[in-house]
Amino acid sequence: MSELHFKAGELDAGDDLASVRSRFVLDDVVYLDGNSLGALPANVPGRVEDVVRRQWGELRIRSWEESGWWTAPERIGDRIAPLVGAGAGQIVVGDSTSVNVFKALVGAVRLARIGGAGHDERGPGGSGREQRDEIVVDATTFPTDGYIAESAARMTGCTLRPVTPAEVPDVLGDRTAAVLLNHVDYRTGRLHDLPGLTSAVHAAGAVAVWDLCHSAGALPVGLDEHGVGLAVGCTYKYLNGGPGSPAYLYVRRELQDRFDSPLPGWNSHAEPFGMRPDYTPAAGAPRGRVGTPDILSMLALEAALEVWDGVSVAGVRAKSLALTDFFLECVAAYVPARRVESLTPVAHAERGSQVALRCSDAGEVMKRLIERGVVGDFRHPDVLRFGFTPLYVGFADVERAARVLAEVWGEAPGGGPGDTPEPGGGAG
Ligand SMILES: *Cc1c(COP(=O)(O)O)cnc(C)c1O
């Protein structure tokens with residue numbers, strides 16, 4: 001134990017991002033749930049107070065212009081853009097991830113039926129486009145994505161094909177319209193091959209939609225570089241925007257003119273204040289808007305994004321991998337073998353920024369961890385999830401989390417909840 005404790009100190013001393021932690025409101029709890037709700041950036045309360053008291057309270061309606069409320073969805077989209085490898089003018093912020101999955105997926109089917117993501121070698125007028133009647137979805141996806149994919153399939157006359165991401169290339173074909181994938185699996189923390197899968201989907205003449213909820217803010221995404229057509233993500237996990245902060249929608253520049261949103265609202269009209277009875281879509285990213293933006297949440301998010309000033313995504317990724325490596329090392333050293341099984345891939349190329357441990361009685365184990373100041377979460381039926389936000393989690397936190405996990409095991413009846421002790425185990 002003392003050896004790893006010492007190593008944690010050395011790793012913290014060499015951590016370039018260590019000082020970023022002071023940009024957050026934190027206490028001595030080890031907070032490993034930033035993959036569910038990011039911590040509060042210290043500048044947010046003051047900003048929200050100004051937005052409410054001055055912008056709303058004093059300027060009132062004038063703030064739509066004078067405080068930049070009207071343009072906030074695209075302005076904040078441009079602030080998120082470099083974090084996901086996107087150039088300006090392609091991201092709009094607003095609505096929930098669930099709603100944006102719907103916009104993107106129905107939009108993707110409509111795009112596929114008029115000629116794919118622009119990478120279809122057969123080009124517009126190529127064979128088989130009219131028959132595109134399948135939506136492929138990750139069978140292990142976060143539930144909301146699966147529910148919405150099912151509804152989008154019914155609405156567009158498609159059949160839903162749930163498959164594992166590894167099986168996606170095998171099921172692609174002339175009938176595939178759209179493919180909805182998660183960049184990182186919310187349960188296991190597995191990182192999927194975004195460049196490879198995107199090009200396979202496009203080679204089949206279909207359109208890929210990526211859900212970035214568990215990758216944006218934790219690792220490089222490279223939307224522009226890898227030719228992604230459509231993507232969505234939330235902002236309250238690794239982007240620390242606050243509970244229910246608005247999500248975002250990315251529509252690649254080349255596709256924007258053909259993007260046909262299934263939720264055209266007055267905010268996405270070419271001339272919103274023309275109040276016309278007929279709909280003409282706005283050009284560019286604003287086409288992804290729907291109704292009046294949720295300004296209070298949105299401007300809290302804008303303030304939260306300031307913690308990224310001077311922070312590189314490559315540096316965040318390097319620290320994230322070091323944190324998860326070190327956690328796995330500490331767990332292996334402290335927790336008796338075979339008590340817990342890591343569901344998170346060992347290979348860096350396949351790992352997001354969380355570690356998922358499967359164990360018996362996981363719900364009870366997480367309750368005891370939280371009582372002792374180590375906060376992760378429990379995912380039904382048997383998974384302990386620990387999210388590592390490199391902006392505010394340090395290596396001493398990691399060592400302490402693994403040590404407390406081992407203590408929880410050691411103190412449980414029979415040496416560990418619902419399991420038989422391993423001979424020679426090293427729980428402390
Ligand atoms: C967190 C998460 C969501 C959340 O959707 P909301 O509409 O914000 O509730 C959706 N998809 C994935 C993959 C997630 O991880």
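None of the values given here were measured: they were computed from a predicted structure. Indexing begins at 1, ligand by ligand and atom by atom, following the structure's order.
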Exercise. In a check of side-chain contact (heavy atoms from CB on, under 4.5 Å) between V93 and each of E302, M298, R79, which one passes?
Worked result: M298
For this session: Please determine if R368 and E371 form a salt bridge, counting it only when a charged side-chain N lies under 4.0 Å from a carboxylate O.
Result: no
Problem set entry | Inter- and intrachain pairs under salt bridge (Lys or Arg N to Asp or Glu O under 4.0 Å), touching residues 273-298, at least two apart |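 Output for this query lists E74-R289, E271-R276.
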List, pair by pair, the atoms of ligand 1 and of the protein that are both N or O and lie under 3.5 Å apart, giving the separation rounded to 0.1 Å.
residue	atom	partner	partner atom	Å
ligand 1	7 (O)	T97	N	3.4
ligand 1	7 (O)	S98	N	2.8
ligand 1	7 (O)	S98	OG	2.6
ligand 1	8 (O)	Y236	OH	2.6
ligand 1	11 (N)	D145	OD1	2.9
ligand 1	11 (N)	D211	OD2	3.0
ligand 1	15 (O)	H214	NE2	3.0
ligand 1	15 (O)	K237	NZ	2.6

Exercise. Can you list the residues that meet the side chain to side chain contact (heavy atoms under 4.5 Å, CB included) rule with R358, with sequence neighbours excluded?
Worked result: E341, L343, D382
Cut-off 3.5 Å, no hydrogens considered: what does the side-chain donor-acceptor table look like for residues 25-41, sequence neighbours left out?
residue	atom	partner	partner atom	Å
D27	OD1	V29	N	3.1
Y31	OH	L37	O	2.6
N35	ND2	Q354	OE1	2.9

Problem set entry | Between Y279 and W266, ring centroids under 6.0 Å |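 Between Y279 and W266, the centre distance exceeds or equals 6.0 Å.
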